[in-house]
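Data block below; observations after.
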Amino acid sequence: MTDTAEIIDVSPRDGLQNEATLLSTDTKVELITRLAVAGVKKLEATSFVHPDAVPAMADAEQVMASVPRDRGVSYIGLVLNRRGLERAIAAGCDEVNYAVVVTDTFSQRNQGTTSDEGIDVWKDIARGARAAGIRPSLVVSTAFGCPFEGEVPVGRVVEVVEACLEEPPDRLSLADTIGVAVPTDVTERFEAVMPSIPEAVQLGTHFHNTRGTGLANVVAALDMGIRSFDASLGGLGGCPFAPNATGNIVTEDLAYLLGRMGIDTGLDLEALASTAEWIKQDLPDSVVGLYHRAGPFP
Ligand code: ZN
């Protein structure tokens, strides 16, 4: 039996939302199409947040109206409230992601609720999504550290996860929103939450590579049995509400790592690398991945 893992590309959302350069809707759709051609089966296409808060995502509906539907891709929309959920449903998303934040300061700045209020919003969104026949997933943000409050107690992460599990998500990802985690943190935090996670809930990670520890953290998660990883083409990204956060771990670098470890991702590395080169024309300073420059193992 081959070992497999899924890479969820989040570059069209987490990658582009922080870019000073606003890409056209056509360029976003081409990015998504190229990712689909490269074999990406799940991707975070956009977010349904207020355009004043995140101007780069103002064309969420237009993007979703033009994404390719013939490649078996599951399209995820990020939503932070009921209004966003309704927009994502109307736009034809297959899945919605909600981010619950474990620290109050970040939660207030990112989405205008306390952490506990965010748990209630999650439950409402999960119920609404299921009623509409789409999958709700949950990202547990600042699970490894907060830009405003610093260290985040493991116990608080467990408390938030357990409260959210009253409405179990399809997938639950622990997010290192600001890229402070190291592999021992990954082991510690997944060990702490795993006993509470029902079998039907897939576990995943959302790592940023702000301090160069992202792929090492993936290896720690692999050792814990996790096989779902968010990543961003070229390492695009950051967070408009997290000072100095840089991009997600790099989709093509991660696909290389997993492939050489004998774990099949179904991704075409050369197609990813050429897409990284292509998006570099618009975002020359933001593509930080290494694989697209180095190329395959000769
Ligand atoms: Zn992120």
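All heavy atoms count here, side chains included; hydrogens, waters and symmetry mates do not. Since the structure is predicted, the reported quantities are computational estimates derived from the model, not experimental observations. Just so you know, ligand 1 is whichever comes first in the structure, and atom 1 is the first atom listed for that ligand.
Backbone or side-chain N, O or S atoms of D230 do not reach the Zn ion (ligand 1) at under 2.8 Å.
Taking a cutoff of 4.0 Å between a charged side-chain nitrogen and a carboxylate oxygen, D285 and K280 do not qualify as a salt bridge. Taking 4.0 Å as the cut-off between side-chain N and carboxylate O, E95 and R171 count as a salt-bridged pair. Between R135 and D94 there is no salt bridge, since no side-chain N of the basic residue sits under 4.0 Å from a carboxylate O of the acidic one.
The NE2 atom of H206, the Zn ion (ligand 1) and the NE2 atom of H208 define an angle of 100° (nearest 10 degrees).
Restricting D14 to its N/O/S atoms, the shortest distance to the Zn ion (ligand 1) is reached by OD2.
With a 6.0 Å cutoff to the six-membered ring centre and a 45° limit on the axis angle, R109 counts as a cation-pi contact of F148.
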